[in-house]
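Taking it in order: structure first as structure tokens, then the write-up.
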Amino acid sequence: MKHVRIGGYGPGIVTIGGGLTRVAAPSFLAAHPTLPVLYAAGELERGWLTAYEVGAELAPLDERPSEGHSPCHVAVDPGGTLLAAANYGDGTALLQRIDERGAFAGEPIVLRHEGSGPNTERQEGPHAHQAVFHDGLLHVSDLGTDEIRRYRLDGTPLEPIRMSPGTGPRHFAFSGGRLYVAGELDGTVTLIEGERRTVVPASGHEGPNDPSHLQVEGDFVYVANRGPDTISVLRAADLSPVAEVPSGGHWPRHFAVDGERMYVANQHSNDVTVLALRDGVPEPAGEAYEVESPACVLIM
């Protein structure tokens, strides 16, 4: 049976229909691909990564420092042998081996970065935001330097994917030969396919917008818009707009899709709303859960 688990800045990890696991600032969660193990990034100045065995309750399995300041994202490779974390505060990323139990093994590979961008308030230095394993490489978005950094799995750096100055890449996703990037600072979505780039506004609403999470599902790209408080639906082929609907709350920081349902973590209204997907377009399902300062939804 699947469970919906919520991480954020409240008292801990909330399981919808279940209980609360108390842990400091678990702002992002990830599941092991084959083991009943969940990983949480503790977004503290001295960041922590914690592994939990998943049973009737979450039981601590292992923990270690994130090797950086304020980890905001964690991911596990498809083979379940490596974990990656992105530390927003100082731009450091980490690669950590995982053993057969799902616990941390050996010493981590620490990936430090330097650089800045044209937005002097937000890009004074590197800010790693998301870690994604794809095609045998680790990709890390750096909001501070307008890059998608690339590494071999032994930590060897490769030439990064450079975004337009001031984009502020946050979350991104691959689909086939395409890369989709949400620009937190310029309010855009960028499609990169070979040498071709398409850039569109993430929202059709006027006023400030800080896009947060981006996800590709089938023929559609979904983007959460903080400011307009909406979910945009774009066609994956060319980023043409399909729909834009209310998120059901304030400041949608993250969402997850489970079949025909979308769970949206609205950070500032302290709720997780459920949207039904009808022909790919979200609409209110009349269901919401009160969760203090939610930041991430994990379905496992």
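A quick note: this is a predicted structure, and the numbers were derived from the prediction, not measured. Any value given below was found using the heavy atoms of this structure, including those in side chains, with hydrogens, waters and symmetry copies removed.
Note: Y39 and F104 have tilted aromatic rings, judged against thresholds of 30 and 60 degrees for the angle between ring planes. Ring orientation note: the planes of H213 and H254 are tilted relative to one another, at an angle of 30° to 60°.
For the pair Q96 (side chain) and G106 (backbone), a donor-acceptor distance under 3.5 Å is present. Of the possible polar contacts, one joining the N119 side chain to the E121 backbone as a donor-acceptor pair under 3.5 Å is found. Without hydrogens or angle criteria, D77 side chain to G80 main chain gives a donor-acceptor distance under 3.5 Å. Proximity of a side-chain donor or acceptor of D142 to a complementary backbone N or O of E147 within less than 3.5 Å is not detected.
A salt bridge does not link R278 to E260: none of the charged side-chain nitrogens sits closer than 4.0 Å to a carboxylate oxygen. Checked for salt-bridge contact, R122 and E184 meet the test: a charged N lies under 4.0 Å from a carboxylate O. Between E53 and R101 there is no salt bridge, since no side-chain nitrogen of the basic residue lies less than 4.0 Å from a carboxylate oxygen of the acidic one. Ion pairing between a basic and an acidic side chain is recognised when a charged N comes within 4.0 Å of a carboxylate O; K2 and D258 show such pairing. Under the 4.0 Å criterion applied to side-chain N and carboxylate O atoms, R152 and D154 are not assigned as salt-bridge partners.
Close placement of the H139 and F174 rings is indicated, their centers lying within 6.0 Å of each other.
More than 12 heavy-atom neighbours from other residues, nucleotides or ligands sit within 6.0 angstrom of CD on E287.
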(Q) Evaluate T198 against D238 for side-chain hydrogen bond (donor to acceptor under 3.5 Å, both in side chains), listing each step before the verdict. (A) CA-CA 7 Å; T198 303; D238 58 6; over 6 Å; no

